[in-house]
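Numbers for residues simply follow the sequence, beginning at 1. Since we're looking at a predicted model, the values are computed, not measured. We use all heavy atoms of the structure for the numbers below, so side chains are in, but hydrogens, waters and symmetry mates are not.
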Amino acid sequence: GIITAILILGGLIGWAVVTAGPTEIAKPTNLTYDNGIRIGKNLEAFTATNKPTTEDVPVISIYVDYQCPYCAYFENANIDQIKGWLDTGLATLEVRPLSFLDGRGSPNEYSSRAANATACVASFSPNNYFDFSKALFINQPLEGNRGPSNNQLFNTAKQVGITNESEVESCIKEKSFGKWILKTTDATFEAGVPEFSPTFWAEKNGTPAVFVNGQHYKGAIDNPAQFAQFVTGIASGN
């Protein structure tokens with residue numbers, strides 16, 4: 001099956017604590033577009049205090065698991081042209097991280113740890129989310145192999161120039177958003193996604209699940225020309 005995809009919007013630095021029954025779950029501050037992070041022009045994240053004026057352009061929404069090899073195929077084939085669309089204001093990007101490969105393709109829980117790390121960057125250094133997400137896919141471990149340690153994830157975050165390093169480091173090492181990642185993944189599989197119903201697994205059995213303005217992309221995941229035709233057609237109203 002095809003497996004994974006990408007994320008932002010948000011608020012103030014830090015995370016909010018939301019009550020879910022008797023337990024409290026730490027929720028990433030800036031993942032508020034259907035649990036995704038939205039990126040606009042100049043790779044700036046949408047937050048409560050920064051909402052770029054590009055919401056009238058196509059939104060590319062991607063569901064990803066950072067251990068999913070098919071997600072990496074899509075990302076590595078398309079991310080540079082997506083950045084070009086962001087730079088010119090043709091589109092915005094929304095990444096929605098999931099984790100369902102722990103214990104299978106991800107023997108040392110890299111799937112959930114990587115998803116947590118992206119949520120940490122989204123919360124404390126949101127404008128570095130795009131570069132951090134890209135770096136994780138470029139350096140994705142082979143499925144079934146142990147992924148980078150938390151220290152290595154933090155080092156990758158530093159390499160892309162994050163701010164608030166101490167907060168990001170603590171968040172990654174303590175897996176602060178681990179329960180939120182699990183809850184979000186379960187909810188997505190149970191209820192489906194806003195753009196595609198009845199369930200997330202209804203077609204093609206997984207991720208990357210890519211939507212542009214709610215239209216499901218069903219073309220080749222590693223064919224940037226085909227994906228560009230799909231996006232530009234929607235942008236032009238065709």
Side-chain angles (χ1 to χ4, degrees), residues 3-8 10-18 20 23-31 35-37 39 43 45 62-72 75-76 79 95-186 188 207-208:
I3 320 177
T4 318
I6 309 186
L7 11 137
I8 245 178
L12 304 174
I13 294 298
W15 63 77
V17 175
V18 294
T23 62
E24 292 183 339
I25 295 178
K27 178 180 178 181
T29 304
N30 295 319
L31 275 68
N35 295 323
I37 183 166
I39 306 295
L43 304 185
I62 311 173
Y63 287 82
V64 299
D65 183 313
Y66 282 91
Q67 177 65 89
C68 162
Y70 291 96
C71 292
E75 289 288 327
N76 295 334
I79 199 62
V95 182
R96 304 179 185 177
L98 302 173
S99 170
F100 53 90
L101 288 173
D102 280 357
R104 293 183 287 164
S106 182
N108 67 336
E109 297 187 347
Y110 176 72
S111 171
S112 61
R113 290 189 300 104
N116 174 74
T118 64
C120 295
V121 172
S123 291
F124 297 105
S125 188
N127 290 342
N128 297 109
Y129 182 89
F130 181 94
D131 289 334
F132 182 60
S133 178
K134 177 181 178 180
L136 293 187
F137 278 117
I138 290 175
N139 299 295
Q140 184 189 75
L142 292 175
E143 194 171 15
N145 291 329
R146 294 175 63 85
S149 67
N150 287 336
N151 283 334
Q152 290 171 312
L153 286 172
F154 175 59
N155 286 335
T156 299
K158 289 197 296 183
Q159 289 168 9
V160 301
I162 59 165
T163 58
N164 300 301
E165 288 188 6
S166 61
E167 290 90 344
V168 173
E169 181 178 23
S170 175
C171 181
I172 290 175
K173 291 183 177 180
E174 294 176 9
K175 203 174 183 180
S176 297
F177 302 126
K179 291 181 180 179
W180 179 85
I181 292 291
L182 177 61
K183 181 179 178 181
T184 299
T185 300
D186 288 345
T188 300
T207 56

Pairwise distance [atom1]([X]) to [atom2]([Y]) - rounded to 0.5 angstrom:
| X | Y | atom1 | atom2 | result |
| --- | --- | --- | --- | --- |
| E169 | C120 | CD | SG | 11.0 Å |
| K158 | T156 | NZ | OG1 | 10.5 Å |
| T118 | F130 | OG1 | CZ | 14.0 Å |
| T163 | N127 | OG1 | CG | 8.0 Å |
| N150 | E174 | CG | CD | 10.5 Å |
| Q67 | L98 | CD | CG | 14.0 Å |

Heavy-atom side-chain proximity of [X] to [Y] below 4.5 angstrom:
| X | Y | value |
| --- | --- | --- |
| E143 | L101 | yes |
| L31 | F177 | no |
| L136 | L153 | yes |
| R96 | N35 | no |
| S176 | S170 | no |
| I162 | F132 | no |

Legend entry - S111 and S99: side chain donor to acceptor below 3.5 Å: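 Note: S111 and S99 side chains meet the donor-acceptor criterion.
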Inset, instruction - Under the side chain to side chain contact (heavy atoms under 4.5 Å, CB included) rule, collect the residues that match up with N108, sequence neighbours excluded. - result: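 For N108 the side chain to side chain contact (heavy atoms under 4.5 Å, CB included) partners, ignoring immediate neighbours, are Y110, R113, R146.
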